[in-house]
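A short worksheet on the structure shown next.
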2 protein chains.
Amino acid sequence: MARGSTRPTSRDVAQAAGVSQAAVSLVLGDKWRGRVSESTAERVREAARELGYRPNLAARNLRLGRTRTVLLVVPALTTEFFAGVYTGAARVAAQHGFGVVLYPSPEGVGPARDPFASAQAALDGVIASSMAADALTAIRGDQLPLVMLDSDPEGSLGAATVNLGIRDGVRQVADHLLELGHRHFLHLAADVPSWTFDVRARELAARLATVPGTTLRTTAAPISIDGARTAAVTALARPGPRPTALVCDDDKLAAGAYKAARRLGLRVPDDISITGLDDLALATALDPELTTVRLDAELFGERGMEALLAVLEGRTPAEGDIPVELVVRGSTGRPAS
Amino acid sequence: MARGSTRPTSRDVAQAAGVSQAAVSLVLGDKWRGRVSESTAERVREAARELGYRPNLAARNLRLGRTRTVLLVVPALTTEFFAGVYTGAARVAAQHGFGVVLYPSPEGVGPARDPFASAQAALDGVIASSMAADALTAIRGDQLPLVMLDSDPEGSLGAATVNLGIRDGVRQVADHLLELGHRHFLHLAADVPSWTFDVRARELAARLATVPGTTLRTTAAPISIDGARTAAVTALARPGPRPTALVCDDDKLAAGAYKAARRLGLRVPDDISITGLDDLALATALDPELTTVRLDAELFGERGMEALLAVLEGRTPAEGDIPVELVVRGSTGRPAS
DNA sequence: CGAGCGAAGTGTTACGTATAACGTCGCGGT
DNA sequence: ACCGCGACGTTATACGTAACACTTCGCTCG
């Protein structure tokens, strides 16, 4: 189905309205006050409507060297978390006349070298979360303004960063469990090399190290419910004193931990306390409901977009982590002494 | 942080290599066989590398009138289902040298009129799922080749459609429950006006109508776990014979149904059988695991992309629904007679 | 009465690329 | 001696838009 004849251009509209192309551009660009009479303006608008004229954005982008469009790169679409990030970013963007386009960073989908090769045509900047280093340098090579979400402020090659208060969240989880009397911990860690997960491990270890008599073991698992289940079953079956608290890197891993506990005949929270991180819908679908750390994904997206706008306008982005909140539900309790 | 000086153009590369801009275009476009000597070609490539040259895609798009980029519009990012759709579409696209960009159709994020206003600059076509009718006509107005996912073949204004075998899936669910002996059904329906949900309702009603003595009630709920819980609690508490089978429009609604059952003191599946549709990770995180219909999201995405490529090349897209599969787990059983 | 000014436009150019059309040069064939 | 041709490039142009610089004309003001 070929594109009919060919799309009408502003020149076609001009001819139909009996004016010059420049006049059409002025009218449709809303810059005609005092330059074109109301009657001619209306004639132009009418002609445009008649022909079904749509400006060719490739041409406009070329002319203006700017697109009012931004790319949001997300690690994967497997959780609703990034849906929230997108929503927040899109809201702020819309307020400033910007659009947001998503690019899930491919994992096994073609070479990682061309995340934007295709889209870059229409981009003013990039917001990226947990991105491979080579892709990162590719963007920097493109000189595209870049904001990193939840990334190492040191290693981000000078790009602006916006971070959640993950460290604070992990500390709150640790404090909560310590207060309940737990001393033997298992950390179910995400099997993904990323700063945001490194921080979780470091902070948990650091906090527990301040309390004498605590033990901490760690096991890594892929971020999937069944991967987590397998890893947790193995780790919990190991000899030695069984941990009474299972700290998971995110809610999905926690869901796997529930399955592991069921399989081993352990009751939550009587035999073992479980915590997550994210506060997804999944958290309240579990039985008992999951004690977790609520991350405000939308606020995260908003702050990311605001930072990018700041960079685009030559300002310095705001600093400071986004606060998080411990949500205590039924999956944590006192350990059986 | 301004863009350094300004990006190097092909002309800059030409000057550095001591050739014309046309030669640069030929070499970098890999069309130089028999037109440029190997040594000059190498000199051009070297200069391009040196300057860090990247072609301006806006200019290229303008020149070629084509972008090798495609937009995937998804209704929301709240489930992993569309992650699979994207993965499949991107895989096929990559094999054909195309890229895919995502656009979550905004719900309350700015006017619905500009889903692509921003991105359209760089698009050859659109794959869209459950799209509002006005946005649909907007695309058609843009003359952009369009493939609709899971949409009414009749009402799609002549656009190509690729559909899952939802009807077949619903019929399998109904058959399974009827076979177990259920006669009193509650349909927990998604509160979203969309063909894909209409079909579920129609097919379920049609199938049950063929068996004398069955009853079917319906209640609508927003697609969220807690929205579904509320709706299900209300519906199940209504007077009259309590349904023994609860058919949910998707897995997320089913998770809400579990919560409702817990709240009402009903055991699954002894007191009530529950079914979902999607087979998300959520399905096996529930206790007992959910009987549901597995949709092959990746295959769905692949078929969608293949259809769009067919349209772009003037071919006729393949026909036929994508098969689905009933997965029986622990959430369905015989009703207490 | 002429300078000046605002309204209402138009002519032209540039953005960076891809490619069709055009040169030039040396050499082999007749 | 001259034509033709392949190798190696270059020149020129168009894609559709936005915006700068300019023109024309009727009026007002000093």
Side-chain angles (χ1 to χ4, degrees), chain A residues 3 5-45 47-48 51-68 117 120-124 142-143, chain B residues 3 5-44 47-48 51-68 117-118 120-124 142-143:
Chain A
R3 310 261 272 252
S5 44
T6 154
R7 263 170 67 144
T9 74
S10 60
R11 212 177 310 270
D12 296 331
V13 175
Q15 188 164 9
V19 297
S20 73
Q21 179 265 332
V24 173
S25 182
L26 287 174
V27 171
L28 268 40
D30 209 34
K31 296 196 170 4
W32 56 281
R33 291 145 297 209
R35 323 242 305 128
V36 175
S37 71
E38 175 57 53
S39 64
T40 347
E42 184 49 37
R43 205 147 34 90
V44 168
R45 281 190 290 258
L51 295 178
Y53 168 73
R54 304 291 166 109
N56 178 325
L57 296 193
R60 172 180 294 173
N61 291 343
L62 174 58
R63 177 67 234 255
L64 296 180
R66 164 177 57 80
T67 62
R68 311 223 125 217
Q120 173 250 36
L123 298 181
D124 282 354
D142 277 351
Q143 304 276 59
Chain B
R3 312 261 272 249
S5 43
T6 151
R7 264 170 67 144
T9 74
S10 60
R11 212 176 311 269
D12 296 330
V13 175
Q15 189 165 8
V19 297
S20 72
Q21 178 266 330
V24 173
S25 182
L26 288 175
V27 172
L28 269 39
D30 209 36
K31 296 194 167 17
W32 55 282
R33 291 145 297 208
R35 323 241 304 129
V36 175
S37 72
E38 175 58 52
S39 64
T40 354
E42 184 49 36
R43 206 149 32 91
V44 168
L51 295 178
Y53 168 72
R54 307 290 168 109
N56 179 324
L57 295 193
R60 173 178 293 171
N61 291 343
L62 175 58
R63 177 68 232 257
L64 296 179
R66 163 177 57 80
T67 64
R68 312 222 123 217
S118 44
Q120 173 251 35
L123 298 181
D124 281 355
D142 277 353
Q143 303 277 60

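Since the structure is predicted, the reported quantities are computational estimates derived from the model, not experimental observations. Here is the naming used below: chain letters follow the sequence lines, and residue numbers restart at 1 for every chain. Scope of the values below: all heavy atoms of this structure, side chains included, with no hydrogens, waters or symmetry mates.
B:D12 places a side-chain N or O within donor-acceptor distance of the main-chain N or O of B:T9, the cut-off being under 3.5 Å.
Distance check: A:R43 CZ to A:S37 OG gives 7.0 Å after rounding to the nearest 0.5 Å.
For A:T40, no side-chain nitrogen or oxygen approaches OP1 or OP2 of C:dA8 to under 4.0 Å. At least one side-chain nitrogen or oxygen of A:S20 sits closer than 4.0 Å to the OP1 or OP2 atom of C:dT10. Look at A:S10 and you'll find a side-chain N or O under 4.0 angstrom from OP1 or OP2 of D:dT17.
For the pair A:K31 NZ and C:dA7 P, the interatomic distance rounds to 18 Å; values are reported in whole Å. Going from atom CG of B:L26 over to atom C1' of D:dT11 covers 13 Å, rounded to whole Å. Rounded to whole Å, the distance from CG on B:L64 to P on D:dG16 is 12 Å. Regarding A:Q21, its CD atom lies at a distance of 16 Å from the P atom of C:dG9, rounded to whole Å. In this structure, A:N56 atom CG and D:dG16 atom C1' are separated by 6 Å, rounded to whole Å. Note: CH2 (B:W32) to P (D:dC8) measures 10 Å, nearest angstrom. Rounded to a whole Å, the CZ atom of B:R60 is 13 Å from the C1' atom of C:dT19. Per the geometry, CG belonging to A:N61 stands 18 Å off P belonging to D:dC15, to the nearest Å.
Heavy-atom minimum distance, A:V36 versus A:A41: CG1-N, 3.9 Å. Considering every non-hydrogen atom in both B:L51 and B:P8, the closest pair reads O-CG, 3.5 Å.
Contact annotation for A:V19: backbone-only contact, meaning every heavy-atom pair under 4.0 Å involves sugar-phosphate atoms and none involves a base.
Annotation for B:Q21: atom CD counts as buried by contact number, over 12 foreign heavy atoms lying within 6.0 Å.
Both B:A22 and B:L62 sit near DNA chain D, but only B:A22 has its closest nucleotide nearer the 5' end. The nearest heavy atom of DNA chain D to A:S25 and to A:R35 marks one nucleotide each, and the one closer to the 5' end goes with A:S25.
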